[in-house]
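Take a look at the structure below.
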Amino acid sequence: AAMRPLPYFCRGEVVKGFGRGSKELGIPTANFSEQVVESFPSDISTGIYYGWACVGNGDVHKMVLSIGWNPFYKNVKKSVETHIIHTFKEDFYGEILSVVIIGYIRPEKNFDSLEALISAIQEDIEEAKRQLDLPEHLKLKEDIFFHLPQGKIVNNH
Ligand code: ADP
Ligand code: MG
């Protein structure tokens with residue numbers, strides 16, 4: 001699929017998702033609002049990506065991010081969900097999530113079982129960790145983007 005130039009920088013509020021039970025699977029995904037998703041390039045490929053993320057003015061962590069079809073809107077709108085590879089003490093609904101999307105891992109897939117889904121996501125996480133340790137990707141962790149004023153919502157500044 002044709003890809004927009006990456007990295008893609010995005011910042012926005014974390015909202016309630018559709019209660020798919022990601023947290024129960026041990027893989028919580030912080031959802032961006034509809035408004036933020038609509039600001040994404042409309043031709044960006046659906047699928048799983050890796051990059052860096054930070055909540056508020058907190059530390060920058062590795063993440064995996066999915067761009068998929070939003071069942072709540074009969075799959076005509078996209079949803080963007082970020083799993084940060086870090087254990088947080090508390091939920092952070094309402095906070096500002098900043099992400100830099102760096103690379104593509106795979107397209108969206110349907111799985112035969114929950115076990116197959118979970119193991120695919122665990123492989124995505126391992127792939128993200130490996131990719132993000134590469135010097136060219138590590139340097140984006142220090143990007144000035146993560147130190148810009150938090151109040152402002154910036155999309156690909
Ligand atoms: P929802 O359907 O509301 O998105 P999830 O089960 O996907 O619910 O859980 C997502 C929420 O979990 C996030 O909005 C955030 O507040 C919290 N959370 C805690 N730890 C993480 C993490 N490591 N990555 C993403 N979200 C996390
Ligand atoms: Mg979620």
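One-based numbering, in listed order, for ligands and for the atoms of each. Keep in mind the model is a prediction, meaning the values are calculated, not measured.
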Any nitrogen or oxygen of [X], main chain or side chain, under 3.5 Å from a nitrogen or oxygen of ligand 1?
{"X": "T29", "result": "yes"}
{"X": "N31", "result": "yes"}
{"X": "I84", "result": "yes"}

Answer side chain, backbone, both or neither: which part of [X] comes under 4.0 Å from ligand 1, heavy atoms only.
{"X": "T82", "value": "backbone"}
{"X": "H86", "value": "backbone"}
{"X": "V14", "value": "side chain"}

Legend entry - Per-atom contacts of ligand 1 with G17, taking only distances under 4.0 Å to non-hydrogen atoms: 1 (P), 2 (O), 3 (O), 4 (O)
Inset, instruction - Run the numbers for me: atoms of ligand 1, each under 4.0 Å from some heavy atom of F18, listed by number. - result: 2 (O)
Legend entry - Connected via hydrophobic side-chain network under 4.5 Å: I48 and L134: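 Per the 4.5 Å side-chain linkage, I48 and L134 are not co-clustered.
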Inset, instruction - Would you please indicate if the ring centroids of H147 and F145 are separated by under 6.0 Å? - result: no
Legend entry - Within the 6.0 Å centroid threshold, strictly below: Y8 and F40: yes
Inset, instruction - Taking only Lys NZ, Arg NE, NH1 and NH2, and the carboxylate oxygens of Asp or Glu, determine whether E38 and K78 approach each other closer than 4.0 Å. - result: no
Nearest protein heavy atom to [atom], by residue and atom, and its distance?
{"atom": "atom 17 (C) of ligand 1", "value": "D91 OD1, 3.4 Å"}
{"atom": "atom 6 (O) of ligand 1", "value": "K23 N, 2.9 Å"}
{"atom": "atom 26 (N) of ligand 1", "value": "F92 CZ, 3.4 Å"}

Inset, instruction - Determine, considering heavy atoms only, which of S79, P28, G26 sits nearest to atom 21 (C) of ligand 1. - result: P28
Legend entry - N/O donor-acceptor pair under 3.5 Å between H61 side chain and H86 backbone: no
Inset, instruction - Verify whether one side chain among E127 and Q131 offers a donor that lies under 3.5 Å from an acceptor in the other. - result: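 There is such a pair between these side chains.
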Legend entry - Protein N/O/S atoms closer than 2.8 Å to the Mg ion (ligand 2):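 Hits for the Mg ion (ligand 2) below 2.8 Å: T29 O, T29 OG1, N31 OD1.
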